[in-house]
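Chain letters run A, B, ... following the sequence lines, proteins first, then strands; residues in each count from 1.
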Amino acid sequence: MFQAPRGTADRLPAEQKYWRYIESKAVALAQSYGFGRIDSPVFEDAGLFVRSVGEGTDIVEKEMYTFEDRGGDLVTLRPEGTAPVCRAYLEHGMHNLPQPVRLYYFCPVFRYERPQAGRFRQHHQFGVEVLGDANPAVDAEVIELAWRLMHSLGLTGIRLLLNSIGDRESRPQHVAALQAYYSDHYASLCSDCRNRLERNPLRLLDCKAETCRSLGDAAPRSVDYLDPDSREHWDQLREYLAALAIPFQVDHRLVRGLDYYSRTVFEIQPAVEGGAQSTICGGGRYDGLMEQLGGRPTPGIGFGSGLERLTLNLKRSEVAVPEEPSPQYLVANVGEAARGPALELASRIRRAGAGAILSSGARALRGQMRQANALGIPAVAILGDDEISRGEVVIRDMLTSTQETLALSDFLEKLTASPE
RNA sequence: GCGAGCGUAGCCAAGAGGCCUAAGGCGCCUGUCUGUGGCACAGGAGAUCACGGGUUCGAAUCCCGUCGCUCGCCCCA
C-alpha cells in the first residue's frame with residue numbers, strides 16, 4: 001500500500017471546516033487593511049531562496065527541496081513565502097503602483113524536516129507583506145493585523161514577543177559582543193552552547209539549559225547596538241503599539257533564522273505551550289531584501305502564520321468552529337420506479353438553491369431515514385409509487401418528527417420562494 | 001542530521017511465546033419494525049497483528065533491519 005509521503009498529510013472533509021474558518025477570517029481582515037491576494041508558483045529558481053533566506057541558514061543548507069528539472073534548470077519547492085512575493089514585486093514593476101503595496105497569500109511551503117506535532121515537510125501558510133514603506137507605523141499595522149487575526153479566530157491567552165535586531169551594520173557588532181560575553185563565561189556553558197559559540201552565537205540566547213538561561217538575562221542585547229535610525233524606529237514602534245493597546249513583551253532572546261530580517265522581528269505564541277513547535281505566527285522587517293534580489297532599495301515587512309499550527313491550537317483550546325454547510329434535503333425513494341423521479345426531484349431542489357442528497361434507493365426506506373439521521377440532514381423528501389402517481393411528495397421534518405404531503409409543484413414553489 | 005518511545009480492522013483498544021482460524025467498544029451494513037430516523041436488541045462485513053528478515057517445534061508477543069507516528073535536540077509556521 002502507498003501512503004502519503006513522510007511529513008505530508010491528507011486534509012479530509014472533517015478537517016476542512018478549520019481551514020475555511022481560518023481563511024475566511026484572514027481574508028476579511030486582510031481586505032479591511034487594503035491587502036490584495038497574490039498567488040505565486042509552488043516552485044522557483046533555486047537561486048531566489050539562496051539569495052534571500054541566506055546561504056548559511058538551516059533552510060538553505062539542509063531543508064530545501066531542490067532538483068534539476070528536465071530542461072536542466074535548478075528549481076526549489078518554496079520553503080517560505082516572502083521571497084517569491086518580493087520577486088513578483090520586482091518582476092511586475094509594482095514600484096509603479098501606489099506605495100506601499102500590500103499583499104497577502106495562502107500557499108503550501110516545503111521544508112525537508114524531521115516531522116513532529118506541528119511540524120511537517122509540507123505545511124501551509126497565510127502571510128502578508130507590505131512593500132515600499134519603512135515607517136514604523138506600518139510595522140505596527142502589520143503586527144496589529146496578526147494580533148487581531150489570532151483574536152478573531154478565538155485564540156486567547158496568546159503572547160506577542162517583540163525585538164529589534166538592527167541592520168547589517170549593527171548586527172555584527174552585537175554578535176561580537178555576544179561572543180566576547182559568553183567566552184568570559186565559557187566554563188558555565190552547556191556543551192551545545194560551547195559549539196554554538198562560533199557557529200551561531202545568537203542561538204545561545206535561546207538555550208533552555210538552566211545556567212545558559214540565566215547567563216542570557218545579562219547578555220548583550222541587540223537593542224543596545226542599534227544605530228540612531230533603528231533606535232528611533234524601535235522607540236516609535238513601541239509607542240504605536242502601546243497606542244493601539246496591543247500588549248507585547250520585549251524579548252531580547254528573540255532572533256529569527258532567516259538572514260533577511262532587519263530591525264523589527266516578532267512572534268506570536270500560545271500561552272499554553274504544547275511541545276517546542278509553538279510559534280503560530282512569525283515575521284519581521286526586511287529592508288535589505290529587495291536589493292539582495294537585484295531590485296532598487298525597497299523596504300518591506302510581513303509575517304507568516306502556519307495553518308496547521310493554528311488548527312492545532314483551535315482544537316486544543318476547543319474553539320467552536322462553524323460547520324461546513326450541508327444539504328437541506330435527502331431525497332428518499334422507494335421502489336425501482338421512483339429512482340428516476342427522485343433523481344429529477346433532487347436536481348430541482350438544488351436548482352432552487354437548497355442542496356439535496358439523492359439517497360440510495362437500493363435500501364429500504366428505513367435505511368434511507370437512518371442515512372438522513374446519521375448525516376444530520378434536517379428534512380427528507382419521500383417519493384414512492386403512491387406519491388408519484390398522485391404528483392405528490394412527502395416532506396418529513398427530521399427535527400420535529402412531523403411530516404406533510406404536498407403537491408410536487410407546491411413544494412418546489414415554496415422552495416424557490418424562500419431559498420435557504 | 002542526532003537521541004528516546006511507540007505501531008493490533010476506518011477510530012479507540014485487550015493481548016506479555018502455544019488456550020489467537022486475535023477480545024471488547026465506537027463507526028459501517030442488515031434485521032426485529034412488509035413505506036419512516038434517533039433508543040434497544042440480534043446478526044453481518046471489515047485485520048496478511050506497519051513491512052521485511054531472524055530465533056523457536058511454535059511469534060501479535062523475543063531479536064535485527066526498514067518505514068511511519070510521537071517526544072526532545074536543531075530549526076521554524
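- No hydrogens or angles were tested; on distance alone, nothing pairs the side chain of Glu61(A) with the base of rG1(B) as donor and acceptor under 3.5 Å.
- In this structure, rA50(B) and rU66(B) make a Watson-Crick or G-U wobble pair, each of the two defining distances being under 3.5 angstrom.
- Between Glu44(A) and Arg78(A), none of the side-chain N atoms (NZ, or NE/NH1/NH2) sits under 4.0 Å from a carboxylate O, so this pair counts as no salt bridge.
- Distance from the side chain of Pro115(A) is smallest to rC69(B) among rG38(B), rC69(B), rA77(B).
- Across all strands, Gly7(A) comes closer than 4.0 Å only to sugar-phosphate atoms, never to a base (heavy-atom distances).
- With both ends at atom C1', the span from rG15(B) to rU32(B) equals 35 Å, rounded to whole Å.
- Residue-to-nucleotide contacts include a donor-acceptor pair under 3.5 Å from the side chain of Arg366(A) to the base of rU32(B).
- Within 4.0 Å (heavy atoms only), Glu80(A) reaches no atom of the nucleic acid at all.
- Stacking of Lys315(A) on the aromatic ring of Tyr18(A) is recorded, both the 6.0 Å distance cut-off and the 45° axial limit being met.
- Comparing the same atom, P, in rU21(B) and in rA59(B) gives a spacing of 11 Å after rounding to whole Å.
- Remark: Arg263(A) is not positioned above the aromatic ring of Trp234(A), lacking an NZ or CZ atom under 6.0 angstrom from the ring centre and at most 45 degrees off the axis.
- Phe303(A) comes within 4.0 angstrom of nothing in the nucleic acid, heavy atoms only.
- A salt bridge does not link Glu15(A) with Arg11(A): every distance from a Lys NZ or Arg NE/NH1/NH2 to an Asp or Glu carboxylate oxygen is 4.0 Å or more.
- In this model, the phosphate group of rU36(B) is not approached by any side-chain N or O of Arg396(A) to a distance below 4.0 Å at OP1 or OP2.
- The side chain of Ala364(A) lies closest to rG35(B), out of rG37(B), rG35(B), rA77(B).
- When both distances must be under 3.5 Å, the Watson-Crick or G-U wobble mate of rC33(B) does not exist.
- Within 4.0 Å of Glu113(A), counting heavy atoms only, lies at least one base atom of the nucleic acid.
- Going from the P atom of rU36(B) to that of rU30(B) covers 14 Å, rounded to whole Å.
- Looking at heavy-atom distances under 4.0 Å, Gln122(A) makes no contact with the nucleic acid at all.
- Atom C1' of rU55(B) sits at a distance of 25 Å from the matching atom of rA47(B), rounded to the whole Å.
- As rounded to whole Å, 9 Å separates atom P of rC39(B) from atom CZ of Arg370(A).
- rA23(B) sits 16 Å from rU61(B) when the C1' atoms are compared, rounded to a whole Å.
- Using P as the reference atom, rC26(B) and rU66(B) are 40 Å apart when rounded to the nearest Å.
- Using P as the reference atom, rG52(B) and rA40(B) are 41 Å apart when rounded to the nearest Å.
- The side-chain tip of Arg121(A) points at the ring of Tyr112(A) from less than 6.0 angstrom away and within 45° of straight on.
- Rounding to whole angstrom units, CD of residue Gln125(A) and C1' of rA77(B) are separated by 5 Å.
- A tilted orientation is assigned to the rings of His151(A) and Trp147(A), their planes being inclined by 30° to 60°.
- The base of rU36(B) lies outside donor-acceptor range of the side chain of Gln368(A), with no N or O pair under 3.5 Å.
- Note on Leu258(A): only backbone sugar-phosphate atoms sit closer than 4.0 angstrom, heavy atoms only; bases stay farther off.
- If you take CD of Gln116(A) and C1' of rG68(B), they are 14 Å apart, rounded to a whole angstrom.
- The pairing partner recorded for rC57(B) is rG18(B), the criterion being a Watson-Crick or G-U wobble arrangement whose two distances lie under 3.5 angstrom.
- Here the nucleotide nearest the side chain of Gln3(A), chosen from rC71(B), rC75(B), rG68(B), is rG68(B).
- Out of rG35(B), rG37(B), rC75(B), the shortest distance to the side chain of Ser401(A) is found at rG37(B).
- Contact check on Glu323(A) versus Lys17(A) returns a salt bridge, with a Lys/Arg side-chain nitrogen under 4.0 Å from an Asp/Glu carboxylate oxygen.
- Taking atom CZ on Arg111(A) and atom C1' on rA77(B), their separation rounds to 7 Å, with Å as the unit.
- The Met369(A) side chain lies nearest to rU36(B) when the options are rG31(B), rC71(B), rU36(B).
- Judged by Watson-Crick or G-U wobble contacts below 3.5 Å, the nucleotide rG3(B) has rC71(B) as its partner.
- The distance between atom CZ of Arg363(A) and atom P of rG31(B), rounded to the nearest whole Å, is 10 Å.
- Taking atom CD on Gln403(A) and atom P on rU36(B), their separation rounds to 10 Å, with Å as the unit.
- Remark: rA23(B) base-pairs with no nucleotide; criterion is Watson-Crick or G-U wobble with both hydrogen-bond distances under 3.5 Å.
- With RNA chain B read from its 5' end, the first of the two nearest nucleotides for Thr8(A) and Glu267(A) is the one closest to Thr8(A).
- The interatomic distance linking Glu387(A) (CD) with rU36(B) (P) rounds to 12 Å, in whole Å.
- Comparing Tyr112(A) and Asn373(A) along RNA chain B, the residue whose closest nucleotide (by nearest heavy atom) sits nearer the 5' end is Tyr112(A).
- Between rC12(B) and rC6(B), the two C1' atoms lie 16 Å apart (nearest whole Å).
- Look at CZ on Arg114(A): it is 13 Å from P on rC73(B), rounded to the nearest Å.
- Contact check on Glu404(A) versus Lys414(A) returns a salt bridge, with a Lys/Arg side-chain nitrogen under 4.0 Å from an Asp/Glu carboxylate oxygen.
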